[in-house]
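Let me begin by presenting the structure, written as structure tokens, before commenting on it.
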Amino acid sequence: MTVYNLYVFDRHGTCLYYGEWNRKNTTGISLKGEFKLMYGMLFSLKSFIKKLSPTDVKEGFLSYQTSKYKLHYYETPTGIKIVMNTDIAVGNVRDVLQRAYSTIYVDFVVRNPLCSLDEPIQSELFKQKIDAFVRGLPFFSARVT
Amino acid sequence: MVSPSTCNEWELPPELCCRPMPFVALMGLDMIYNAVHRAIWEAFSANRRTDRVPQCVVNVLPWSFLQRTSYEWYIPKGILKVGWMHKHLNVIPAVAVVFFELDWDEPQWRERQSECSTRVEIVRQSLQGRGTKVAVVLIQKKAPLPPGEDLVASERAATLCTACELSAKALFVLPHTDHLVGYIIRLENAFYELSQGYYHAEARKVKSHKELLNRTTHQLLFVRHQFKIGFFCELKQDTQTALKHYKNAYSHVHELRAYDTNVLEIKTFAGFINYKICRLCFQHNLPLDAISNFRKHVDLCKTKSGSSELAFEHAAWMAKQLFGDLFDEAIKLGLTAIQTQHPGFYYQQAAYRAQDRKKMALQLCKPLASVAYPLPDPLETPNGKLDYFGQRPWRQGHQSIDPPDPAREREGILALQWHEKAVDHSGLIIPLLSSAVAQFKKYKCPRMKNYLSKSQSSMGNYISTMLFNYVLCEYRVERWWVILTSILSTALKCAFLMAQVQDYITISMELLGRTSTLDDERKSVIQKNLMKVLMNTCPDPEPACDEAAIEVAKNLWKEPGSVKSNNVITVEMQNYVPFVECKAAFLQESFSVDSPVKFQLLLRASCPFPQRYSHLSVTFNNQAYNAHCMVSGSCDSPCSTEPPTEGELCLLVGKVQRHDFSFVAQTSDTGKAIEVRAGKSAICIIKMFMCIQQKKISDHNNSSIFFRNTFYSPMPRLALRVEHDPPALSFELFRLRVCTQSREEQPVSDVQLTISLQPGQDANLSQTTHVTLDSNVQCDDSFPSFLHNIPLGNLQPGDQVEKDVFVKTTLVGSRIFLISVAYTVTAMVGDEEHHLSCRCQQVRTSQNGRAIFVTQVSFVSLSQFEPMTRIYSDDPFLLQTNILSLSPWPITIARGCFQLQPPMASPDGDPASQLKQDEIGSDCCCLQCPPVPDGQSGIAMGTYTIFWKRFFACGSSVLFDEKCLLCSSVLVFTEMPAFGRVREVLPVRFQLHNRTAFVQEVEATVTASDAFMFSGNKLVRLRILPGCEQELLYNLYPLMLGFQALPQLLLRLLHFPGATNEALHRLLPTHIFVKVKMF
Amino acid sequence: MAVCVAVITKENYPLYISNIPAANELKFHYTVHTSLDVVEEKLSAVGKTASDLRELYLGLLYPTEDYKVYGYVANTKVKFVIVIDSSNTSFRDNEIRSMFRKLHTAYTDVMCNPFYTPGDPIRSKTFDNVISSMMMQVC
Amino acid sequence: MLRTESTKINLMRPLGQPALACAGYRWRENYYSHQRRGGYNIGVRIIEDFLARTNVGRCHDFRETADVISKNAFKLYLGVTPTVTNWSPAGDEFSLQLDSNPLAEFVELPDNHTGLSYSSLLCGVLRGALEMVQMAVDVRIVQDTLQGDLQTELRLRFLRRIEESMPAGEE
Amino acid sequence: MEREGVRMADEALFEFLHMEVISYIFKSLEKDDSDNGKCTAKLEGMGFRVGQGLVERFTRDIPRFKDELDIMKFVCKDFWAGIFKKQVDNLRTNHQGVYVLQDNRFRLLTQISAGKQYMEHAPKFLAFTCGLVRGALSNLGVNSIVTAEVSLLPACKFQVMMQRA
């Protein structure tokens, strides 16, 4: 089990943070482009799901999975979106993402007066924390099997 | 008509206050003729120290002994006879001792023995069956044999005893051998024993009456007896029991039914007993008992005020309980009091009571004016004194509820009121207050002390506000405005009553200020009054003064001395908030010399009416500017309270008035700080000194040099460059290096340089600017301010020529030069050759001469190092020249010298030093000007010349301004330390020189100052012989910290009544800085 | 009930003095002002002696024949003085204590009013109410 | 001992601000607008903090929002629970009534500032916070204890829902 | 858990307010002149006033201070805890009226950075607190100058210099 990478988007689709761990192959496109695509995908996916869903959805969608990886999605009412790609063996990590939001994003970005909320995050502290957080996850393992 | 009983009816009788001691009477001692007797007497009476038994010995001749006082048994007429205590202290002895010279081996023993016995008999007679113990002392020449051996003695002693009916114990032998005192002391102790026995007996005699008493008729006697017993016990030196009985007595007193007729008696006596009790309590070191007892006493008696017409009596009585004294006495005997429990409080209480008394007396005795003093004087008594304590003279011994004779009663009261009227209450109150003050001071209560000393100083009709001042500033400092205001109001009242203009104005101004808590109505009254005073009229009386006083005051105000004489009153305002507040500010931190200095003055009045003022002036440290900052308006009726008309200077209530001034600073002040003291003067009477502001005039920023090239066609190709390093200094030879470089392809010929001032500049620049090619030439006016057609020869293409031109400016200011080069060049046009001449490269170069020095000359008095506006003959002074270098480059001062006009004495010493920019060198010499013939007021001083160099030697000089010279008759020199220390002596010596040809009579007075105590005569007249001098020595003793005004020495020349002090006082220091005491 | 309540700064000038009857304002000013002597004396004892009073309440400062003057000094050296008519002896010491507590709390709230500048005389309705309640309060 | 104070303390916090407001802002309006702007900025951040603490999800309707604001938000940050009342019939407007306004607990308006709406900070906060959860609202103070009213009343009006839009330059 | 939550919450309120005030001041003063001196001074002033108020409240129920040191201890313990929910980690003094309060994890800095990043911004987040301390002390009758220094966030030192009259 492992974590590949993690995106944090704000409500306007700016990618506030991107972190990468055991990601092996990269898309040809630039990170920026990748962010755009990723956000676009999420956005349309979300609205699509909303339309399909029989009842009013509260959380949007939680994750989708391909044969190779699994994308976990968490969105706050304020539109902060956290996306984490792991291998398929990883189960539901909603609470993990929620924790990432409440204990790391909020503590070290929202409560850091020097971070403006709609620009990519500069704070080293935040980066350390999130990195430590991910590495600390039970299903994170540097071992590449 | 004040009879002894009434004049001091409130004083406790001395016999009560003293400490009772057994009373022993010695008889048969012949003091006059008999040395031995005298020796014995002295041994008894002299140096009675505490180690000897307490005893009061009196020598009486037997045949003039006490007259009998009847002692029969009666229905009580009062509590205690006035004489009683006295009787037992000084009249009836406890022991009567008969001295008799008799030796055992007396040859005619029998006769002597009978003689002795008769003596004893007489004494017995005179004692009339009183219990007084009688003792006989045989004065013998021989020392006695050891007892038992001398049979004769013992046998004769026995017979003698029987003859005189004495017990053997009462017979003593006093051999007057060498150790007399030893015997005496032994005797004393014996007598003491006897006296004890006596008083004991007396006490129990009184006790024995007790059975006979019944509650109804003899209530008074209960009190009396208890008191008497107590008293006897005290005599017996048994204070414990005494206290017990006194306490009983006290409780009995309050059992008595009190009504108007006897309440006084009861109170009086209660007072007595209380006094005794408290006293004993303190003696037994039970201060708390004493205090509680006193409290109880006061509470109990508070209510017993007696008849309303005589309310003041009650107050008086309350004031006279002497607890303070007792307490204090106890403390002196080693009792320790605390801050919250010390005599001060009781003195204070007493004082209050006394004040109540005054109040009541005032209102109760008012009507008396109409009524006459009743005759016959009801206060007269047959024997001139009362029989019983605290009874009414006109109905002594009368013990029923209502007065026997109402009419008489009324008269009596009237009489008492008359006497009360005569009492000087303040005289009673002030000592109480002052002892209270002392106590509070002792027990670390500065504020309480303050408070009391304030009420003390407001006692009496008028106390100079000086007295208030130290109290006032306390309250100012602690900002208790309500209190401050009240005191000030009192002070104002006083000032009015005494027509003290100065004080009156000062106080009014503070009372009108922001901090005073008076209501507007009151304030407006005060302001009106102030106006009145300023218009030399009497102000309206302050509220609550009595008519008579007001009349007096009015007259005082009318007196010329009061207002008119001093038409300028200076009021020091630093230490309080006056009714016109002023704030001065420069609009910038610093100004440059070329831009005007902007200065702003804000005024705000906090008085109810608009306040006019005649003019407003600002005082700078440099007088020159004062003129710029002045406002004066048409102030016809300065004191009216109507709203202002046009062109009047008037402060509207609560509005901030702004005055803007602007003036150009003098260059000489460059880099200096200007100080300002803004002062407002109302109707040229009151000056206020206000806040001080600092400001700097920045150095003139040095000018820049700039080129502008203008091109012609055919374009001349000659580069022209001017090298110089500005700024140029005035008086120096400033070098301009003109470099010309040919850019022509062809060689150019007869190149000529022309340099001149650009036309259209200040005309006199041409006079003050010299241009030369030769640095060694000393410039003089013959030199023109321009050079032209200076040949520079020919130039091959590309080569360049340099030319130095020197410019000297004698006047500060910037100049623009035109530098142009003309040349001819041959150019090919077509195929024929032309010689065309070009005049090219007009170069304008601005360039300014600028001052190198600011040389400022000041005359400084030797005494205070203060600048003088005028100098005085024979009065040495300093001539100081400050040379400030403004040059960016070091300037070497070759020398500077004074060229003095006679009669000035030439100084010595030249400065040879180098000054960097903004460095100030100063040269200073002491001058003295001999007296000059009259009529010549001004005197020229001479010039000061500085020789300096940067590149080339130059010189500049300054002319001192004229000084007007005065002749002073008497000169004063002061010798004193630079500063003082709090509570350390500060000697000051004034030397008075007589400069005149005749004898001077000088009257020197020294004004008091809050900040100093001083020793030395306050007022002296002294005559100084011509050309001689006199010394005045004072030792000052600073009390306050900081920059304090010194006691002022005022001199009056009796021969020159007109001679202003100003001439003298310029020489006297006015303030001194007082530092903290060193530890 | 209290006849006079005063708040005095550490510099010893009054921030607030209220008294009944208003007529003898001056008298009370003096009473309070002089009482400061005792206050300062007591304060100066703090720290010096072993048995110093660490309590803010200073107790009875001094009795005059018709008043009892009590003192209380906050840690911030603000002094509170309450004068009580000695005629009503019913007062318990702890009642006085509680009065001071109330007073102090009220003062603290004044200090917390952002529009109040420390050192200015107190002009606050709430504070006035508290004071008057203490002066009215029946015992 | 300080525990007991701790609620008070947070109320001491705003203390400095009006002081500053008065210094910097003579005019009431300015103070007002400033406070709102300041409040808004706070709101923008505090909402995140709020969500992080109490993971309440997105609200279905305005009523629920009102409930959350009063029962959770106010309780959490100011320790009081205002009552939600005066619903407009359309259900798009309601009032929050505070019997005691912690922000203004010690505040007394000086005479020269009467009518200063001290608590307008709150309006800003609410606006900012709600905007972050896609609700554009208008908040104003209709009653204020400082103005002598019996209670402080905030009026919230729902303006519109802010729809999340696809970032520009997306095909 | 709940009351814990509450405690944290007022914490947050303070933080946000504080940061807003700072940003306001810096914004508002940018126009005329953007020298931080003025801004920090202003913040310091506000802190001063708040400190005065707070200390009045905090010291209401505690026994009288014996001496200066006693006061400083109070500032480090109760006062600090009251505001920042933790005590000062270390108090040092030279006994000549200079005290150094060291807080290794200063509340207002912990969120910002751990290390050198944002160092240049640190001062404005300390100004208010300097004011707090100075205000508290002055109200306790001790005039002082309070300065702060940071070498490595979020640790910081406050130096208190008593001004003897």
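Predicted model only: the values in this text are computed from it and were never measured.
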**Request:** For D61(E) and R101(C), run side-chain contact (heavy atoms from CB on, under 4.5 Å): C-alpha distance rounded to whole Å, both residues' side-chain angles, the deciding distance at 0.1 Å, then the answer.
**Result:** CA-CA 9 Å; D61(E) 307 285; R101(C) 293 284 307 152; 2.7 Å; yes
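- The contact between Y107(C) and chain E is made entirely by side chain atoms (from C-beta outward), counting heavy-atom distances below 4.5 Å.
- Judged purely by atom type and a 3.5 angstrom limit, N75(C) uses its side chain to pair as donor or acceptor with the backbone of I62(E).
- Minimum heavy-atom separation, K10(C) to L140(E): CE-C, 4.5 Å.
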**Request:** Begin from the C-alpha positions of R64(E) and L43(C) and carry the test side-chain contact (heavy atoms from CB on, under 4.5 Å) through to its verdict.
**Result:** CA-CA 10 Å; R64(E) 201 177 297 294; L43(C) 280 188; 3.9 Å; yes
**Message:** Please determine whether side-chain contact (heavy atoms from CB on, under 4.5 Å) holds for the pair Q52(E) and T76(C), giving the CA-CA distance in whole Å, both sets of side-chain angles, and the decisive distance to 0.1 Å.
**Reply:** CA-CA 9 Å; Q52(E) 284 180 312; T76(C) 55; over 6 Å; no
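- If you measure heavy-atom distances from V78(C) to chain E, the contacts under 4.5 Å come from the side chain alone.
- By the 4.5 Å heavy-atom criterion applied to side chains, R57(E) and M111(C) are not counted as neighbours.
- Contact of N139(E) with chain C is made through backbone and side chain together, with heavy-atom distances under 4.5 Å.
- Counting all heavy atoms, side chain and backbone alike, G53(E) lies closest to C112(C) at O-SG, 4.3 Å.
- The closest side-chain heavy-atom distance from E56(E) to P118(C) is not below 4.5 Å.
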